[in-house]
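To keep things clear, I will list the structure first and then write my remarks on it.
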Amino acid sequence: MTLSLATSYLGLALKNPVVASASPLNSKLDNIRRLEDAGAAAVVLPSLFQEQIEAEAEAHDTLMGAYANSSPEAQSYFPSSISSPYGLGPEHYLNFVRRARDAVAIPVIASLNGSSRAGWIDYAKRIEQAGAAAIELNMYHVPTDLLESGHDVEARYIDIVGAVCVSVALPIAIKLTPYLSSIGHFANRLVERGAAGLVLFNRLLQPDFDLVGLRLTDTLELSTPAELRLPLLWTAILAGRTEASLAASSGVASSADVVKCILAGADVAMTTSAVLHGGIDTVGTLVTGLEAWMEARDFANLNEMRGLLSWVHSKDRSIYTRANYLRILERYSAG
Ligand SMILES: Cc1cc2nc3c(=O)[nH]c(=O)nc-3n(C[C@H](O)[C@H](O)[C@H](O)COP(=O)(O)O)c2cc1C
């Protein structure tokens with residue numbers, strides 16, 4: 001039996017479903033080549049941030065003697081002296097997209113990261129011109145303003161997605177936060193606005209409390225495999241019920257996790273923490289492990305197994321609902 005791991009994501013033909021998601025590793029050309037060699041089917045570049053673009057525009061305006069206060073947020077939290085968390089300023093980023101595209105045969109997906117509609121959105125066009133295969137949009141936003149309603153938050157996201165989608169022909173994937181009241185409904189609205197894919201989910205980096213210094217700490221903890229359950233749940237609920245491609249993301253650390261993502265109905269599984277932790281070759285173990293699992297189960301291709309455990313194919317949908325919540329609690333109490 002010839003086994004195929006081929007899949008399609010955002011209309012892109014991929015050799016397998018393992019995608020290296022945005023990470024500092026992917027800001028080096030050599031690492032992108034090594035990820036391709038290790039078996040990654042596509043790479044997502046680290047983000048170009050709204051604050052970087054606005055800071056550059058502001059510096060330009062200042063230089064031209066026409067200082068414009070484009071975004072108070074950008075000035076207070078992201079001094080223009082900090083060009084980028086990855087050393088990739090806006091122009092450098094476009095150049096990097098070009099060089100990455102030329103360096104590897106796998107699709108290179110660029111990432112734009114912003115939380116309000118402004119001039120930075122024009123960069124989608126420039127990224128398209130630079131040759132990215134697609135754009136992932138990360139709208140990392142923490143609604144600390146108690147006057148901002150859930151409706152306002154969704155409207156903010158929809159507004160950005162609509163603006164980006166009309167500005168380019170490239171497929172756009174939305175890296176979604178799980179902190180929404182009705183993910184399925186919102187996902188459909190994003191698709192109506194032109195989103196070609198949904199990345200489930202973005203990971204909210206939460207501060208911890210330092211009890212000695214009595215202050216917040218903001219160190220980054222890599223994810224654990226337990227975090228995959230939320231993406232699995234929502235991938236399974238959405239699979240077969242949305243036109244968007246689905247990428248399961250957060251907590252993918254082993255080939256068993258990749259298998260689970262496909263069984264839930266994902267088109268691809270994305271991984272960052274596992275690769276940062278275990279090295280670039282981790283990607284290869286995810287791919288070969290998936291292959292071995294399929295072989296052992298006599299699956300010839302991903303379509304035969306994709307979504308087998310999704311809502312659409314589930315004989316007992318109560319597993320996804322409140323009934324299951326009660327069952328789980330009951331079983332736990334019964335020991
Ligand atoms: C050090 C680090 C840097 C990251 N940088 C970005 C980024 O620039 N843009 C982005 O959308 N996500 C970024 N992410 C998030 C990852 O792409 C991914 O969504 C998240 O880590 C969850 O996946 P994982 O569990 O496989 O790590 C970063 C994650 C880490 C750990």
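Indexing begins at 1, ligand by ligand and atom by atom, following the structure's order. Hydrogens, waters and symmetry mates play no part in the numbers below; they use all other heavy atoms, side chains included. Everything numeric here is computed off the predicted structure, so don't read it as measured data.
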Heavy atoms of other groups near Asp102 CG, more than 12 under 6.0 Å: yes
Enumerated ligand 1 atoms positioned under 4.0 Å from heavy atoms of Leu222: 31 (C)
Under-4.0 Å heavy-atom contact with ligand 1, by part of Val44 that carries it: neither
Heavy atom of the protein closest to atom 5 (N) of ligand 1 (residue, atom name, distance): Tyr86 OH, 2.4 Å
Pair Glu192 + Arg189: basic N to acidic O under 4.0 Å: no
Backbone N/O of Asp122 and side chain of Arg126: donor-acceptor pair under 3.5 Å: no
Those atoms of ligand 1 less than 4.0 Å from some heavy atom in Thr271: 26 (O)
Protein heavy-atom partner closest to atom 26 (O) of ligand 1 - residue, atom, separation in Å: Thr272 N, 2.8 Å
Winner among Arg203, Lys175, Glu221, Met270 once heavy atoms are compared against atom 15 (C) of ligand 1: Lys175
Rounded distance [0.5 Å steps], OH in Tyr140 versus CG in Leu204: 4.0 Å
Polar side-chain atom of Asp257 near backbone of Val252 as donor-acceptor pair, under 3.5 Å: no
Lys125 NZ: over 12 foreign heavy atoms closer than 6.0 Å: yes
Heavy-atom nearest option to atom 27 (O) of ligand 1, drawn from Pro24, Pro46, Ser273: Ser273
Part of Asn138 with heavy atoms under 4.0 Å of ligand 1, whether side chain, backbone, both or neither: side chain
Per-atom contacts of ligand 1 with Gly251, taking only distances under 4.0 Å to non-hydrogen atoms: 24 (P), 25 (O)
Atom 22 (C) of ligand 1 [closest protein heavy-atom partner, distance rounded to 0.1 Å]: Ser250 OG, 3.4 Å
For atom 16 (C) of ligand 1, the protein heavy atom that lies nearest, with its residue and separation: Ala22 O, 3.3 Å
Region of Leu276 that comes within reach of ligand 1 [heavy atoms, distance under 4.0 Å]: side chain
Nearest candidate to atom 9 (N) of ligand 1, where distance is taken over non-hydrogen atoms, out of Ser21, Ser27, Ser47: Ser47
Close aromatic pair by centroid cut-off 6.0 Å: Phe49 and Trp120: no
Glu304 backbone acceptor or donor facing Asn301 side chain under 3.5 Å: yes
Where ligand 1 meets Ser223 - atom numbers and elements under 4.0 angstrom, heavy-atom basis: 24 (P), 25 (O), 27 (O)
Qualifying salt bridge (Lys or Arg N to Asp or Glu O under 4.0 Å) pairs, either residue in residues 313-334, two or more places apart: Asp316-Arg327
Partners meeting side-chain contact (heavy atoms from CB on, under 4.5 Å) with Ala134 (sequence neighbours left out): Leu10, Leu12, Ile109, Pro171
Contact partition for Ser249 relative to ligand 1, non-hydrogen atoms under 4.0 Å: side chain
Per-atom contacts, ligand 1 versus Leu220 - under 4.0 Å to a heavy atom: 1 (C), 31 (C)
